[in-house]
Colleague: 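For reference, the structure I am asking about is given below.
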Amino acid sequence: MITSTIKTESHIGGAHRPGRWLALSVLVLAVLLVAVDATVLGLATPFLSEDLRPTGNQLLWIGDVYSFVIAGLLVSMGSLGDRIGRKKLLLIGATAFGALSVLNAYATSPEMMIVARALLGVAGATLMPSTLALIRNLFHDARERSLAIGIWGAMASAGAAVGPVVGGFLLEHFWWGSVFLINLPVMAVLVLVGAKLIPESKNPNPGPWDVPSVALSLVGVIGIVYAVKELASHGLSPDAGVAALLGVAALAWFVRRQLTLPAPLLDMRLFRHRGFSGAVAADLLTILGLSGLVFFLSQFFQLVQGRQPLEAGLAELPAAIGAVTAGLIAGVVARRYSVRSVVAGGLAAVGLSLAVLTTLDQHTGYPLLGATLLVVGVGAGFSFTVTADVILSSVPKEQAGSASAVSETAYELGAALGIAILGSIVTGVYRGFATPAGVPSDVASAAHESLGGAVEASGTLAPGTANALVSSAQEAFVDGLRIAAGVGAAVLLATAVAAWFLLKGQKLEDGVEH
C-alpha cells in the first residue's frame, strides 16, 4: 500500500504542534486558489468569447478541462507525493501553477486556451493531494482536526463561489487574462511561507510508482466525462460511444490492477467501508450541484439580466458566506446531532435550492436568487465538510493519503461533472432556439454556439432584429437552465435519501490520537 505509513520530520508537542494553525493557513491558501480557478472563468466567459471566438463545445472544454485533468491525476499525484514528500510536491506544484497561469492569461486561440487550462490542471493536481493528509498529520486532536477540516472545507466550498467575485472585480478594471495573473502573488506567498511552516510528510517505504495505473486513471476519468458531455449535447454518437467504452475499460482495468499490485496507487478496499463510500458519493454530488449552479448563474446574471461583472460576482457571494459559516460549525453540529442528518440535510438543501430554480425566468428578482444561493452554500458547507472528515477518519491513520486523494478526486470530479452535465443540458436546449426572420445564416450559426456568441453576433444587425435575436437566445438559455436545475435537483435529493441510509451509525472521531 502506497500510504501504509505517514511519517513527519517530527511530532513536536504531540497534539499541540507549534505553528500548526499558521501551516493550515498556507494549506488553505492552496485549496482556495485551486477552487477559485475552477469557477473564475464563469464571469470571463463573455469576454473570452468575444476575444477568442470559441465554438460552444470549445467553450465548455475551456470551462471544464481544468477540473477533468485534476480529477484524473489526483490519485496519481497523491502517490507521487508519498514518494518525494507531500510538502515538496506542494511547493513544486505551486511554482508550476504560477508559471502556467501566465500561459493561460496570454492565450491567443481557443485551442491554446484549452491546452493551457489542461496544463494548469496538471499543476493543480500536484497541489491538492497533500492538503488533507498534512492536516491529518498536523492535528492529532480529533476536535481540533474537525475544526481544521472545517476551515479547509469552507475554503474549498467557498472558493467556487468566491471565484466570480474575484473575477468580477478584475474584469471591471482589467482584461480577462487578469483572472489568471492574480495567481502569481498568491503562489509566491504559498511557496515562501510554506517552505518554512509546513512539516514534510512521506512514506519511507512507498514501493514503485506505477505509471500504467497513472495512465489508466487519467484515460478512464476523461473518457467517461467526455462521453457524458457528448451524450448530453448531441445525443448518441459514435464519438460518445467510443469514449464511454474506452473510459469504462480503462477504469475497470485500473481497479483490477490496484487489487493485484503490492503497492497500488489507490487501495480499492477502502470502498468496502459503507460510511467511506457514502461520504465519497455525497462529496462528489454536493460539489456537482454547487459548481454547476455557480457557473451558469454567472452567465445568467450578466447575459440575461445585464449586470456588470463585479455586480454579478457579488450577487453570488451569499453562496460563499453560507459555505464558510456552515463549514466552520459542521463538526460541532455533526457531533451534537448525527453525521447522517447533517450530510443528508446538506444534500437536501442543495437539491431543494436547485428545484426552486426550475421556476426561473428572465425577470426573477434577486431576493429569491440570493436566498437560493445562501441555502446552497450552507448545504454544501455542511455536507462537504462533514464528508471530508468522515472520509479521513473512517480509515486508519496510515491510510490518510489514499483517503485524501479519494476525497479530493470526488471534489474535482464533482466540479467537472457539474459543468459538463448541467452545462451540456443547457447547451443542448439552447441550440434549439428559433432564429428570428431576417438574420443571416452566418450570424445565426454564431448565435447558436453560445449565448455570449449571440450577444456578440447581434452587434452586426439592425436594432430591431438584434433585439429579437438576443431575446430569443436569452429565453432558450433560461429554458435550458430550468431543465438542468430540475435534473440536478432530482439527483441531489435522491443522494440525500441514499446518504441517510449509507451513513447510519457513522460518527466523527473524538479525543486525542496517541
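Quick note: residue numbers are just sequence positions, from 1. This structure is a prediction, so every number in the text was calculated from the model and none was measured. Only heavy atoms go into these numbers, but all of them, side chains included; no hydrogens, no water, no symmetry mates.
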Colleague: On a heavy-atom basis, which atom in A454 and which in V470 lie closest, and how many Å separate them?
Modeller: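 Smallest heavy-atom distance, with atoms named: O-CG2, 4.3 Å.
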Colleague: Do L27 and L90 have side-chain heavy atoms sitting under 4.5 Å apart?
Modeller: yes
Colleague: Is there a side-chain contact between F254 and L218 (heavy atoms, below 4.5 Å)?
Modeller: no
Colleague: From L352 CG over to L492 CG, what is the distance, rounded to the nearest 0.5 angstrom?
Modeller: 9.5 Å
Colleague: Sequence neighbours left out, what passes ring pair (Phe, Tyr, Trp, His ring centres under 6.0 Å) with F174? Give chain and number order.
Modeller: none
Colleague: Filter on salt bridge (charged side-chain N to carboxylate O under 4.0 Å, His left out), then keep only pairs touching residues 237-257, sequence neighbours left out; what's left?
Modeller: D210-R257
Colleague: Go through L80 and M77 one step at a time and tell me if the side-chain contact (heavy atoms from CB on, under 4.5 Å) criterion holds.
Modeller: CA-CA 5 Å; L80 183 61; M77 291 302 178; 4.0 Å; yes
Colleague: Less than 3.5 Å apart, which donor and acceptor atoms pair up between the side chains of residues 363-379 and the rest of the protein, not counting sequence neighbours?
Modeller:
unit_1 : atom_1 : unit_2 : atom_2 : d
T364   : OG1    : D361   : N      : 2.8
T364   : OG1    : D361   : O      : 3.1
T364   : OG1    : D361   : OD1    : 3.3
Y366   : OH     : A315   : O      : 2.6
T372   : OG1    : L368   : O      : 2.8

Colleague: Listing request: all side chain to side chain donor-acceptor pair (under 3.5 Å) pairs with a residue in residues 486-500, at least two apart in sequence or in separate chains.
Modeller: none
Colleague: Name all pairs fulfilling the salt bridge (charged side-chain N to carboxylate O under 4.0 Å, His left out) condition that reach into residues 283-310, sequence neighbours left out, sorted by first residue then second.
Modeller: R307-E311
Colleague: Flag the pair V491 / L285 as yes when at least one side-chain heavy-atom distance between them is below 4.5 Å, and no otherwise.
Modeller: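 In contact.
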Colleague: Roughly how far, to the nearest 0.5 Å, is CG of L354 from CG of L481?
Modeller: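 Reported to 0.5 Å precision, the distance equals 9.5 Å.
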Colleague: Would you call L251 and L216 a side-chain contact if the rule is heavy atoms closer than 4.5 Å?
Modeller: no
Colleague: Taking ring-ring contact (aromatic ring centres under 6.0 Å, His included) as the cut-off, I'd like each qualifying pair that reaches into residues 463-486, sequence neighbours left out, listed once.
Modeller: none
Colleague: With a 4.5 Å limit on heavy-atom distance, are the side chains of V255 and F271 in contact?
Modeller: no
Colleague: Which heavy atom of A489 sits nearest a heavy atom of A355, and at what distance?
Modeller: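 Shortest heavy-atom contact: CB-N, 3.5 Å.
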Colleague: How many angstroms lie between atom CG of L503 and atom OG of S277, to the nearest 0.5 angstrom?
Modeller: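 L503 atom CG to S277 atom OG measures 10.0 Å (nearest 0.5 Å).
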Colleague: Might you point out which heavy atoms bring V343 and A499 nearest each other, and give the distance in Å?
Modeller: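 Between these two residues, the closest heavy atoms are CG1-CB, 4.2 Å.
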Colleague: Hey, could you give me the CG/CG distance between L91 and L190, rounded to the nearest 0.5 Å?
Modeller: 7.0 Å
Colleague: What's the spacing between L120 CG and M113 CE if we round to 0.5 Å?
Modeller: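 Going from the CG atom of L120 to the CE atom of M113 covers 9.0 Å.
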Colleague: Could you list the residues that satisfy side chain to side chain contact (heavy atoms under 4.5 Å, CB included) with A496, not counting sequence neighbours?
Modeller: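 Listed in chain order: L347, A348.
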Colleague: If you define the side chain from C-beta out and look only at heavy atoms, does anything of I62 sit under 4.5 Å from P54?
Modeller: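 Counting from C-beta outward, I62 and P54 do come under 4.5 Å.
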Colleague: Does anything in residues 481-490 pair up under side chain to side chain donor-acceptor pair (under 3.5 Å), and if so which pairs, sequence neighbours excluded?
Modeller: D479-R482
Colleague: Taking the side chain from S383 and the backbone from A380, do they hold a donor-acceptor pair closer than 3.5 Å?
Modeller: no
Colleague: Listing request: all side chain to side chain donor-acceptor pair (under 3.5 Å) pairs with a residue in residues 351-360, at least two apart in sequence or in separate chains.
Modeller: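 Those involving residues 351-360 do not exist here.
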Colleague: Provide the closest heavy-atom pair for I114 versus V65 in the form atom of the first, atom of the second, distance.
Modeller: O-CG1, 3.7 Å
Colleague: If I compare all heavy atoms of V69 with all of G121, which pair ends up nearest, and what's the gap?
Modeller: CG1-C, 3.8 Å
Colleague: Going by side chain to side chain donor-acceptor pair (under 3.5 Å), name the residues that satisfy it together with N467, two or more places apart in sequence or in a different chain.
Modeller: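 N467 satisfies side chain to side chain donor-acceptor pair (under 3.5 Å) with no other residue.
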Colleague: Would you check if the side chain of T126 reaches a backbone N or O of A123 as a donor-acceptor pair within less than 3.5 Å?
Modeller: yes
Colleague: Could you tell me whether F501 atom CZ has more than 12 heavy atoms of other residues or ligands within 6.0 Å of it?
Modeller: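 Counting neighbours around CZ of F501, 12 or fewer heavy atoms of other residues, nucleotides or ligands fall under 6.0 Å, so no.
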Colleague: Considering residues at least two apart in sequence or located in another chain, which fulfil the side chain to side chain donor-acceptor pair (under 3.5 Å) criterion with T387?
Modeller: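 With sequence neighbours excluded, T387 shows a side chain to side chain donor-acceptor pair (under 3.5 Å) to no residue whatsoever.
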Colleague: With rounding to the nearest 0.5 angstrom, report the OG to NE2 distance, S178 to H173.
Modeller: 10.5 Å
Colleague: Which heavy atom of L100 sits nearest a heavy atom of N104, and at what distance?
Modeller: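 For L100 versus N104, the nearest heavy atoms are O-ND2, 2.9 Å.
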Colleague: I need the full list of ring-ring contact (aromatic ring centres under 6.0 Å, His included) pairs touching residues 428-466, with sequence neighbours left out, sorted by first then second residue.
Modeller: Y430-F433, F433-H448
Colleague: Looking at F97, is its backbone amide N or carbonyl O close enough to the side chain of S101 to form a donor-acceptor pair, meaning the two atoms are under 3.5 Å apart?
Modeller: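 A pair under 3.5 Å: yes.
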